[in-house]
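Following: one structure in structure tokens, then a few remarks.
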Amino acid sequence: MRTPVILLACGCFNPTTNMHLRMFEIARDYLHRMGQYEVVGGIISPVHDAYGKKELVSATHRLNMIKLSLQGNEWVKLSDWESRQETWTRTRQILQYHQNQINAYLKSENNVDINEDELKWMPDNISRYCGTNQGIIVKLLCGADLLESFGTPGLWADDDIESIVGQHGLIVITRCNMNPTEFIYNSDILTKYMANITIVTEWIRNEISSTKIRRALRRSESVKYLIPDIVIEYIHKHSLYGSQKTHL
Ligand SMILES: Nc1ncnc2c1ncn2[C@@H]1O[C@H](COP(=O)(O)OP(=O)(O)OP(=O)(O)O)[C@@H](O)[C@H]1O
Ligand SMILES: NC(=O)c1ccc[n+]([C@@H]2O[C@H](COP(=O)(O)O)[C@@H](O)[C@H]2O)c1
Ligand SMILES: [Zn+2]
């Protein structure tokens with residue numbers, strides 16, 4: 001019996017790139033091929049404005065751009081819970097919130113309406129799992145850089161890392177110049193929970209990043225085929241990232 005999982009990606013999504021969307025596809029293909037997990041759905045949870053990262057545009061814009069990117073996507077959904085909180089929330093709590101809502105829904109015998117604003121991020125087909133006694137695990141989907149940020153002094157509490165990896169688990173997509181396997185080897189906590197970490201090698205390598213997209217936009221260079229057209233239109237319409245409409 002395969003274990004049902006939901007993949008949750010957190011980050012700035014400033015703006016969403018094709019690689020953010022590809023991450024979900026790459027992970028689902030790999031997990032299905034390996035046969036241990038069944039991917040029930042995906043969630044994107046953009047970070048709160050209070051995270052305060054350089055050049056971060058408002059959550060309203062980032063949510064809108066994610067919504068546009070997900071048009072026509074049948075299995076990945078946007079969760080705005082994180083951005084609606086009073087301030088920045090640790091990733092452990094974000095995973096826990098979504099896990100608790102899923103657990104409550106599965107116990108609810110199906111009379112909760114998942115179309116309500118609060119639960120719009122739930123997978124459409126989740127009702128299939130009600131009353132089956134089968135839990136769904138919310139796992140953190142991330143790039144190798146996020147995993148390696150666990151090693152930045154003072155950034156993540158050991159307790160949080162233990163809870164994220166021990167109770168949820170990680171699906172890590174490789175990124176150029178990073179060696180997640182070696183990073184796990186060097187960490188006692190990550191080695192302890194190694195069975196809960198899946199490293200997925202992206203063989204069709206590309207180094208799209210939001211930083212490079214913002215840089216190109218600032219320089220009035222084309223970002224076509226790197227981010228969805230509809231997001232490019234949105235960026236120009238709202239003059240985000242110092243962009244001027246010279247393309248598209
Ligand atoms: N090219 C990529 N390969 C693998 N993972 C990626 C890639 N781009 C983004 N990710 C992952 O997507 C998630 C969200 O990342 P984030 O919003 O920081 O995007 P980013 O492109 O890394 O942006 P920035 O350059 O602003 O840091 C993170 O887990 C990150 O590791
Ligand atoms: N202690 C924590 O829970 C912790 C620390 C640093 C970053 N994060 C999260 O990781 C993501 C990092 O995104 P960036 O790579 O864009 O900075 C964000 O979603 C942020 O909230 C969590
Ligand atoms: Zn990043």
Side-chain angles (χ1 to χ4, degrees), residues 7-27 30 42-57 59 61-63 65-66 69-70 76 78-85 87-98 139-165 167-168 170-180 183 189 197-218 223 225-228 231 235 240-241:
L7 306 176
L8 184 147
C10 63
C12 296
F13 304 97
N14 185 38
T16 25
T17 69
N18 288 352
M19 194 54 203
H20 292 140
L21 305 166
R22 286 282 310 148
M23 242 189 355
F24 284 92
E25 304 293 319
I26 297 161
Y30 183 85
I43 302 171
I44 297 185
S45 177
V47 80
H48 194 280
D49 286 341
Y51 187 51
K53 206 170 165 178
K54 198 173 146 235
E55 299 171 358
L56 191 65
V57 301
H61 282 314
R62 289 179 291 117
L63 289 163
M65 291 188 280
I66 295 169
S69 310
L70 293 177
V76 181
L78 168 67
S79 169
D80 65 356
W81 181 80
E82 181 176 352
S83 59
R84 282 192 289 107
Q85 302 311 296
T87 187
W88 175 70
T89 307
R90 281 139 61 212
T91 301
R92 168 193 191 169
Q93 294 168 314
I94 288 151
L95 287 163
Q96 267 167 6
Y97 165 79
H98 291 87
K139 288 186 177 282
L140 183 64
L141 170 65
C142 64
D145 59 311
L146 195 138
L147 175 76
E148 297 205 358
S149 82
F150 285 1
T152 308
L155 195 58
W156 300 79
D158 283 353
D159 249 19
D160 282 10
I161 296 178
E162 183 139 11
S163 159
I164 292 171
V165 188
Q167 289 171 33
H168 299 276
L170 294 180
I171 312 295
V172 182
I173 311 287
T174 55
R175 245 181 137 158
C176 293
N177 307 324
M178 288 186 180
N179 190 340
F183 188 80
I189 300 186
I197 308 177
T198 304
I199 311 273
V200 185
T201 304
E202 166 52 319
W203 293 108
I204 310 176
R205 295 217 177 100
N206 72 68
E207 252 318 288
I208 304 179
S209 76
S210 300
T211 303
K212 289 180 177 167
I213 299 294
R214 293 193 303 275
R215 186 177 295 144
L217 287 164
R218 205 165 53 233
V223 291
Y225 310 120
L226 296 174
I227 67 175
V231 174
I235 289 171
L240 303 182
Y241 311 116

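Note that ligands are numbered from 1 as they come in the structure, with each ligand's atoms numbered from 1 the same way. Predicted model, so just to flag it, every value in this text is computed and none were measured. Scope of the values below: all heavy atoms of this structure, side chains included, with no hydrogens, waters or symmetry mates.
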Please list the nearest protein heavy atom to [atom] with its residue and the distance rounded to 0.1 Å.
atom	value
atom 11 (C) of ligand 1	Met23 SD, 3.5 Å
atom 21 (O) of ligand 1	Ser210 N, 2.8 Å
atom 19 (O) of ligand 1	His20 NE2, 2.8 Å
atom 17 (O) of ligand 1	Phe13 N, 2.9 Å
atom 2 (C) of ligand 1	Met19 CG, 3.1 Å

Query - Electrostatic pair Arg175:Glu207 at N-O distance under 4.0 angstrom - result: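 Salt bridge: yes.
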Query raised in the report: What residue among Leu140, Leu170, Val172 forms side-chain contact (heavy atoms from CB on, under 4.5 Å) with Leu146?
Result: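 Single side-chain contact (heavy atoms from CB on, under 4.5 Å) partner of Leu146 among Leu140, Leu170, Val172: Leu140.
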Query raised in the report: Can you name the residues that form a salt bridge (charged side-chain N to carboxylate O under 4.0 Å, His left out) with Arg92, not counting sequence neighbours?
Result: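 Result, salt bridge (charged side-chain N to carboxylate O under 4.0 Å, His left out) vs Arg92: Asp160.
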Any donor and acceptor pair, going by atom type alone, linking the side chain of [X] with main-chain N or O of [Y] inside 3.5 Å?
X	Y	value
Arg205	Cys176	no
Arg62	Val47	yes
His48	Gln85	yes
Ser210	Phe13	no
Ser69	Met65	yes

Query raised in the report: Judged by non-hydrogen atoms, does Asp145 sit under 4.0 Å from ligand 1?
Result: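 Per 4.0 Å heavy-atom rule, Asp145 contacts ligand 1.
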Query raised in the report: Can you find a non-hydrogen atom of Ile213 under 4.0 Å from ligand 1?
Result: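 No, that is not the case, since the closest heavy atom of the residue is not under 4.0 Å from the ligand.
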Query - All side-chain contact (heavy atoms from CB on, under 4.5 Å) counterparts of Arg218, not counting sequence neighbours - result: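 Checked Arg218 against side-chain contact (heavy atoms from CB on, under 4.5 Å); matches are Glu55, Arg215.
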Requested in this report: List for me each residue that meets side-chain contact (heavy atoms from CB on, under 4.5 Å) alongside Glu148, sequence neighbours excluded, and say none if there are none.
Outcome: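 With neighbours one apart ignored, the set is Met178, Phe183.
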For ligand 1, the portion of [X] having any non-hydrogen atom under 4.0 Å away:
X	result
Glu202	neither
Ile208	backbone
Arg214	side chain
Thr211	both

Output the list of atoms in ligand 1 that are nearer than 4.0 Å to some heavy atom of [X], sorted by atom number.
X	answer
Cys12	17 (O)
Gly143	5 (N), 11 (C), 28 (C), 29 (O), 30 (C), 31 (O)
Ser209	21 (O), 25 (O)

Report task. Output yes when the distance from some N or O of ligand 1 to some N or O of Thr17 is under 3.5 Å, and no in every other case. Result ->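 No, since none of the N or O atoms of Thr17 sits under 3.5 Å from an N or O of ligand 1.
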Query raised in the report: Does one side chain, of Asn14 or Tyr241, offer a donor that lies under 3.5 Å from an acceptor on the other?
Result: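 Yes, a side-chain donor-acceptor pair sits under 3.5 Å.
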Query raised in the report: With distance as the sole criterion, is a donor-acceptor pair present between the side chains of Trp81 and Ser45 under 3.5 Å?
Result: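 The answer is no; no qualifying pair exists.
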Requested in this report: Only heavy atoms count here, so choose which of Lys53, Met178, Arg175, Arg205 is nearest to atom 7 (C) of ligand 1.
Outcome: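 That would be Arg175.
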**Report entry** The one among Cys10, Cys142, Ala9 that brings a heavy atom closest to atom 14 (C) of ligand 1
**Finding:**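 Shortest heavy-atom distance from atom 14 (C) of ligand 1: Cys10.
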Query - CD1 on Ile164 to CH2 on Trp156, rounded to 0.5 Å - result: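 That separation rounds to 5.0 Å.
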**Report entry** Value rounded to 0.5 Å, distance of CZ in Phe24 from CG in Leu70
**Finding:**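 Result: 8.0 Å between the selected atoms.
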Pairs under 3.5 angstrom, nitrogen or oxygen on both sides, ligand 2 versus protein: list them out, please.
residue: ligand 2; atom: 1 (N); partner: Leu155; partner atom: O; Å: 3.1
residue: ligand 2; atom: 3 (O); partner: Thr91; partner atom: N; Å: 3.0
residue: ligand 2; atom: 16 (O); partner: Lys53; partner atom: NZ; Å: 3.2
residue: ligand 2; atom: 17 (O); partner: Tyr51; partner atom: OH; Å: 2.8
residue: ligand 2; atom: 17 (O); partner: Lys53; partner atom: NZ; Å: 3.0
residue: ligand 2; atom: 19 (O); partner: Gly11; partner atom: N; Å: 3.0
residue: ligand 2; atom: 21 (O); partner: Trp88; partner atom: NE1; Å: 2.9

